[in-house]
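Have a look at the structure below, then the notes.
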Amino acid sequence: MSSESDSTTTNKKASFKVATWNVNSMRVREEQVIAWLNEHQPDALCLQEIKMVEADFPFEAIKATGYSSIALGQKTYNGVAILSKREAQNVSTALDDFEDEQRRYIAADIAGANGELVRVVNVYVPNGQALDSDKFVYKQAWFKALRKTMRRTLSEHPLTVLLGDFNITPSDLDCHDPVAWRGKIHCSDTERLMLHTLLSEGLYDTYRHFNPQGEHYSWWDYRGAGYRANAGLRIDLVLSSGELLKRSTASSIDEVPRKHERPSDHTPVVAEYSI
DNA sequence: ATGGTTGCTTCGCAA
């Protein structure tokens with residue numbers, strides 16, 4: 001007796017799962033990343049702060065668990081990678097019209113189980129340090145270039161997901177102590193305006209779409225009470241295009257890796273789509 | 001109270 005659930009059935013929609021994780025050193029977190037891939041089987045996992053050059057990236061170890069990788073790295077700082085079940089196509093490693101010595105952007109088309117392509121854009125937005133610092137001037141310039149790049153990307157790819165470490169809380173709901181953080185880096189009105197201007201290009205905060213309540217974060221400082229006191233920020237975001245949001249089915253924060261021995265200070269944020 | 005912790009082929013800096 002034939003089954004309608006046969007995996008070869010054409011036009012059948014499967015789940016397309018993406019995730020973002022600032023690993024704060026791929027050297028230290030390699031085993032945790034591979035274990036996470038094996039357990040969760042995402043179609044694409046975007047990493048930030050790999051903190052190594054491509055020559056040192058563990059392409060082979062990741063391949064052994066069934067994943068293909070693309071990476072843009074540098075020594076000591078920054079660095080991004082996309083790990084995917086199906087090989088990345090049309091890889092881009094630079095924002096439009098923006099010279100950047102820091103490795104913070106990588107994008108590619110990733111196919112779902114039915115062959116449909118999703119444009120996956122992985123970013124590590126500059127931290128900015130403090131609003132009166134030179135690093136904040138760089139953060140603003142970088143973010144403006146991202147907005148311009150995303151305007152073009154969205155016009156070319158209706159199914160686009162922009163995800164990564166944005167180093168910006170969208171609102172006070174994403175901050176454990178809005179009074180203490182008021183006006184500070186990650187929580188300032190200036191940065192939130194930058195983010196909402198980017199969203200106005202046609203991107204939607206997918207975690208918040210499925211989780212209207214607060215008190216859930218993606219980063220907790222290593223210092224002090226940190227994770228134990230849930231003193232966190234939600235700065236790791238999955239932003240879906242309108243067409244992709246229509247096909248989204250779930251989004252969640254996986255706090256399990258933050259509880260591990262020697263954790264990253266960030267934990268993975270996941271979204272799923274019917275693709 | 002400008003503290004505290006982690007990672008870097010470290011010895012101060014970025015987060």
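Naming convention: chains lettered A, B, ... in sequence-line order (proteins, then strands); numbering from 1 in each chain. These numbers come from a predicted model, not from an experiment.
- If you take atom P in B:dT5 and the same atom in B:dT10, they sit 22 Å apart, rounded to whole Å.
- In this view, A:His209 and A:Leu245, A:Ser248 satisfy the side chain to side chain contact (heavy atoms under 4.5 Å, CB included) rule, not counting sequence neighbours.
- Counting only residues at least two apart or in different chains, side chain to side chain donor-acceptor pair (under 3.5 Å) contacts with residues 54-68 of chain A comprise A:Asn38-A:Thr65.
- With sequence neighbours left out, A:Tyr207 forms a ring-ring contact (aromatic ring centres under 6.0 Å, His included) with no residue at all.
- One interatomic measurement links the two molecules: CD of A:Glu261 to P of B:dG7, which rounds to 12 Å at whole-angstrom precision.
- Spacing of P atoms, B:dT9 relative to B:dA15, comes out at 14 Å, to the nearest Å.
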Ignoring hydrogens and angles, write down the donor-acceptor pairs under 3.5 Å from the side chains of residues 159-170 of chain A, residues two or more places apart or on other chains.
unit_1	atom_1	unit_2	atom_2	d
A:Thr160	OG1	A:His157	O	2.7
A:Asp165	OD1	A:Asn167	N	3.0
A:Asp165	OD2	A:Asn22	ND2	3.0
A:Asn167	ND2	A:Val125	O	2.9
A:Thr169	OG1	A:His186	O	2.7
A:Thr169	OG1	A:Arg192	NE	3.4
A:Thr169	OG1	A:Arg192	NH2	2.9

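- Rounding to whole angstrom units, CE of residue A:Met52 and P of B:dG7 are separated by 13 Å.
- Taking the P atoms as reference points, B:dA1 lies 26 Å from B:dT6, given to the whole Å.
- Nucleotide B:dT2 holds its P atom 14 Å from the NZ atom of A:Lys184, rounded to whole Å.
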Practice task
Determine, for nucleotides 10-15 of chain B in 5'-to-3' order, which nucleotides have protein heavy atoms under 4.0 Å from the base (write B), from only the sugar-phosphate (write S), or from neither (write -).
Solution key: ----SB
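- Going from atom CZ of A:Arg27 over to atom C1' of B:dT6 covers 15 Å, rounded to whole Å.
- Atom CE in A:Met26 sits roughly 13 Å away from atom P in B:dC8 (whole-Å rounding).
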Could you list the donor-acceptor pairs under 3.5 angstrom formed between side-chain atoms of residues 268-275 of chain A and any protein atom two or more places apart in sequence or on another chain?
unit_1	atom_1	unit_2	atom_2	d
A:Glu272	OE1	A:Ser15	OG	2.9
A:Tyr273	OH	A:Ser240	OG	2.6

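- Spacing between B:dG3 and B:dA14 at atom P, rounded to whole Å, works out to 16 Å.
- At distances below 3.5 Å, at least one donor-acceptor pair connects side-chain atoms of A:Gln74 with backbone N or O atoms of A:Arg103.
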